[in-house]
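Residues: numbered from 1 along the sequence shown. Indexing begins at 1, ligand by ligand and atom by atom, following the structure's order.
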Amino acid sequence: MRILVTGGAGYVGSTLVPMLLEQGHRVRVYDSLKFGGAGLLPCCQNRFFELMKGDVCDPAGVAKAVDGVDAIVHLAAIVGYPACKKEPQVATQTNVEGTRNVLAARKADQKFVFASTGSIYGSIPDYICNEDSPRSPITLYGETKATAEELVLNAGNSVAYRYATAFGVSNRMRLDLMPNDFTYQAVKNKNLIVYEGGFKRTFVHVRDMARSIMFALDRWDTIKDDVYNVGHESMNFTKEDVARQILKHVNYYLHFAEVGTDADQRNYEVSYEKIRSKGFETTIDLDRGISELVRAAQLIDFQNPFANV
Ligand SMILES: NC(=O)c1ccc[n+]([C@@H]2O[C@H](COP(=O)([O-])OP(=O)(O)OC[C@H]3O[C@@H](n4cnc5c(N)ncnc54)[C@H](O)[C@@H]3O)[C@@H](O)[C@H]2O)c1
């Protein structure tokens, strides 16, 4: 299959693209390289890999990018509430108008997979969310992704995946993801203060995110024209659970104190019954993900541009 991955140089893309190439697909990445492109360096060894540097807000660039592909995986976005808060206009432009551009440029028979997010559910501590639960995003990030998701589903021949919070090691690393951040602090500082420890969150390993995209492309006719939560109930944890799990790998000082609040007050539990009923299960649990994060933190210094946001 010829596949376009917008935002393919990012955290999810730099795990997904090598996996698609390994499967023998031809992969074109269209990305503004906001965080550079080093995560895709190993892909350059594969002659079926192509990079087009460009902006999803540029219709002419997008038209060239979609030309001749069988499927589009639309990952390009300003991701997470701190990044959206930092540049709100760019976030709306990229997440909403960028998605509109890609949809407008694609042909109806080109499959379209969209990376949405569980952030669109907002704070619903009292019951378990499924795909029919009301969407009440709390942040600009959640709002823009909810709007984009609607555009995608209305366009047809599409799949929207509402991902849990990603974690794990990828070729482009992100530390603004909670398990990644907690593990890094535990390894580097030997110290972590957790606030709102009882808040419930739900997680998915970045490699399982990539697998879910390949799953959709492989079983398109049974998956298409719908929205799915992607994760696993066994990966619903409180922030305290995550911090305690890290203690099994790293000897560090864990302290609970209400010294802050998350601007994104996400507090929710999610059902993954719908995607499971289609045959998709995640494979990497929190413990395994943390063990790889520990090794990565020991290996190199990462930077978290949103550490103080
Ligand atoms: N990581 C998560 O926890 C998570 C969870 C749910 C959903 N998602 C979704 O998955 C997708 C990928 O997330 P990620 O974690 O890889 O983020 P990321 O920030 O690592 O990657 C985003 C990529 O998009 C590119 N990009 C940004 N603006 C662009 C523009 N205007 N034109 C072209 N490219 C542009 C960036 O250069 C970057 O390579 C996003 O759509 C995000 O909303 C992520």
Side-chain angles (χ1 to χ4, degrees), residues 4-17 28-40 51-59 61-62 65-66 72-84 86-87 89-102 112-121 137 139-149 152 160-181 201-210 212-213 227-231 235 264 266 270 289 302 304-306:
L4 168 67
V5 184
T6 72
Y11 177 71
V12 177
S14 65
T15 286
L16 170 69
V17 171
R28 177 183 297 156
V29 165
Y30 185 74
D31 194 299
S32 60
L33 303 184
K34 199 175 169 69
F35 307 103
L40 291 176
L51 173 74
M52 287 174 75
K53 185 177 177 190
D55 190 327
V56 286
C57 300
D58 167 26
V62 169
V66 302
I72 299 165
V73 180
H74 182 44
L75 304 177
I78 304 299
V79 182
Y81 73 85
C84 290
K86 194 173 162 211
E87 36 182 13
Q89 277 176 339
V90 177
T92 305
Q93 194 61 24
T94 305
N95 297 3
V96 179
E97 299 313 318
T99 302
R100 209 189 299 275
N101 267 341
V102 182
F112 196 98
V113 182
F114 177 65
S116 186
T117 167
S119 292
I120 66 168
Y121 291 122
T139 59
L140 179 63
Y141 174 58
E143 279 169 25
T144 56
K145 295 300 285 189
T147 306
E149 182 192 285
V152 168
Y161 277 153
R162 291 179 186 161
Y163 286 111
T165 296
F167 75 108
V169 175
S170 182
N171 294 324
R172 138 141 159 95
M173 206 41 202
R174 282 184 58 194
L175 277 194
D176 55 319
L177 299 164
M178 199 249 276
N180 295 10
D181 174 38
R201 297 285 296 273
T202 178
F203 302 97
V204 63
H205 192 276
V206 62
R207 205 171 163 87
D208 281 325
M209 293 174 82
S212 72
I213 290 166
V227 58
Y228 303 87
N229 295 327
V230 180
M235 300 284 277
D264 177 351
R266 255 182 296 168
V270 176
F302 300 118
N304 181 0
F306 302 113

Only heavy atoms count here, so choose which of [options] is nearest to [atom].
atom                    : options               : answer
atom 39 (O) of ligand 1 : Ile213, Asn95, Asp31  : Asp31
atom 20 (O) of ligand 1 : Tyr11, Phe203, Phe114 : Tyr11
atom 10 (O) of ligand 1 : Ala115, Ala164, Gly7  : Ala115
atom 30 (C) of ligand 1 : Ile78, Asp55, Asp58   : Asp55
atom 4 (C) of ligand 1  : Met209, Met52, Glu97  : Met209
atom 42 (C) of ligand 1 : Tyr141, Tyr163, Tyr30 : Tyr141

Within ligand 1, which atoms have a heavy atom of [X] less than 4.0 Å away?
X      : answer
Lys34  : 36 (C), 37 (O)
Ala166 : 1 (N), 2 (C), 3 (O)
Gly54  : 32 (N), 33 (C)
Leu33  : 37 (O)
Lys145 : 40 (C), 41 (O), 42 (C), 43 (O)

Polar proximity ligand 1 side, [X] side, N/O cut 3.5 Å exclusive:
X      : result
Arg172 : yes
Val56  : yes
Thr117 : no
Leu75  : yes
Phe35  : no

What part of [X], side chain, backbone, both or neither, has a heavy atom within less than 4.0 angstrom of ligand 1?
X      : result
His74  : neither
Val12  : both
Gln93  : neither
Val206 : neither
Ser119 : neither
Thr94  : side chain
Ala83  : neither

- Item | From Asp181 atom CG to Asp176 atom CG, the distance as rounded to the nearest 0.5 Å |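 It is 8.5 Å, given to the nearest 0.5 Å.
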- Item | Residue of the set Tyr161, Tyr121, Tyr163 for which side chain to side chain donor-acceptor pair (under 3.5 Å) holds with Asn229 |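 Of all the options given, the one that passes is Tyr121.
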- Task: Compute the minimum heavy-atom distance from Ser14 to ligand 1 and say whether it is under 4.0 Å.
- Result: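 Checking ligand 1 against Ser14, which is what was asked, there is no heavy-atom contact under 4.0 Å.
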Hey, is the main chain of [Y] close enough, under 3.5 Å, to the side chain of [X] for a donor-acceptor pair?
X      : Y     : result
Asp31  : Ala9  : yes
Asn101 : Val56 : yes
Thr94  : Ala91 : no
Tyr141 : Ile78 : no

- Message: Ring-plane angle category for Phe112 and His74, please: parallel below 30°, perpendicular beyond 60°, tilted otherwise.
- Response: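 Taking His74 first and then Phe112, their aromatic rings sit tilted (interplane angle of 30° to 60°).
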